[in-house]
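Residue numbers start at 1 and run along the sequence shown.
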Amino acid sequence: MNNSNVSKWSLSSRIFHWISAVLLLITWVMILLHENLDSNLYIGFHKAFGISLLCWMIARVINRIFTKAPPSIPMPKWQSMVSKLSHFALYAILIAMPLAGLLMTVYGGRPVDIFGLFQIPVFVTPDRSLARFYNDLHTDIIWPMIIGFTALHIGAALYHQFIKKDNLISRMK
């Protein structure tokens, strides 16, 4: 079924989608650079881009509340349900991940520098065990969830594009 008249998401929703993806990718690249080049410059950028993603995702949720979704593409009920649940999970974990990172940092007694423009100060009493808890949440629980749900999201989009041929991807172009 090649439907070239598929309704698109609003321009604001498309912008939010793609910039979220870019921010996530940049944040991931910064932590890879930090781990492989052992430079504090990259961990600083990782944190700043992570906080940027958090703010962007909050704005994205607000946009989603006030922006009407295009009509659904016909699909089995179970697929529609998995789609809705996985999108909800992606939103939730893309907010939870930077929040856990922020809490890990401030409970570790360190402020978060945002591109040299300002700092998020330590707004809690430092606590090493809570810092460790949020570190474990950030790296061992939420990170694999982001990988899994992002892979599911991309895989589903590719399935619709190349197997179902229902032009679903064009809704987000």
Side-chain angles (χ1 to χ4, degrees), residues 1-36 42-43 45-105 133-173:
M1 172 167 119
N2 191 352
N3 183 358
S4 58
N5 296 327
V6 173
S7 297
K8 288 184 177 251
W9 281 90
S10 69
L11 179 60
S12 63
S13 294
R14 288 180 280 153
I15 289 169
F16 273 111
H17 175 271
W18 291 110
I19 291 180
S20 298
V22 168
L23 285 171
L24 179 61
L25 183 62
I26 291 170
T27 304
W28 177 67
V29 167
M30 291 301 114
I31 200 65
L32 280 179
L33 289 172
H34 168 70
E35 289 170 351
N36 291 297
Y42 299 112
I43 192 68
F45 280 140
H46 171 78
K47 292 175 184 181
F49 278 108
I51 295 299
S52 299
L53 179 60
L54 173 62
C55 295
W56 190 255
M57 286 304 299
I58 291 168
R60 184 176 178 183
V61 167
I62 293 166
N63 177 74
R64 181 66 186 91
I65 289 168
F66 292 105
T67 304
K68 189 173 187 264
S72 294
I73 285 185
M75 65 181 77
K77 191 174 180 90
W78 71 267
Q79 255 181 17
S80 179
M81 183 73 89
V82 168
S83 172
K84 285 176 177 49
L85 288 173
S86 64
H87 280 95
F88 176 80
L90 272 170
Y91 276 69
I93 59 182
L94 288 174
I95 290 170
M97 182 67 149
L99 266 179
L102 173 63
L103 292 171
M104 168 183 56
T105 302
F133 168 78
Y134 286 111
N135 176 70
D136 293 347
L137 184 63
H138 186 74
T139 58
D140 298 338
I141 297 171
I142 302 172
W143 175 240
M145 290 175 71
I146 285 179
I147 296 293
F149 280 100
T150 301
L152 176 66
H153 181 70
I154 293 168
L158 294 173
Y159 166 78
H160 278 275
Q161 188 66 26
F162 297 111
I163 295 173
K164 298 262 312 189
K165 298 184 188 309
D166 60 11
N167 210 17
L168 183 80
I169 288 178
S170 69
R171 292 162 50 106
M172 202 47 82
K173 283 185 184 175

Any side-chain heavy atom of [X] within less than 4.5 Å of one from [Y]?
X	Y	answer
Ile73	Arg171	yes
Phe88	Phe149	no
Leu137	Leu103	no
Ser10	Lys68	no
Arg14	Leu11	yes
Ile31	His34	yes

### Ile26 CD1 to Phe49 CZ distance, which is reported to the nearest 0.5 Å
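Taking CD1 in Ile26 and CZ in Phe49, the distance rounds to 4.5 Å.
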Closest approach of [X] to [Y] (non-hydrogen atoms, all atoms of both residues):
X	Y	answer
Thr27	Gly50	OG1-N, 3.7 Å
Thr150	Ile146	OG1-O, 2.7 Å
Thr139	Pro144	O-CD, 3.6 Å
Trp9	Pro70	CD2-CD, 3.4 Å
His138	Gly101	ND1-N, 3.3 Å
Pro98	Ile93	CD-O, 4.4 Å

#### Entry: Ring-face cation contact, Tyr91 with Arg60, 6.0 Å cut, 45° max
yes
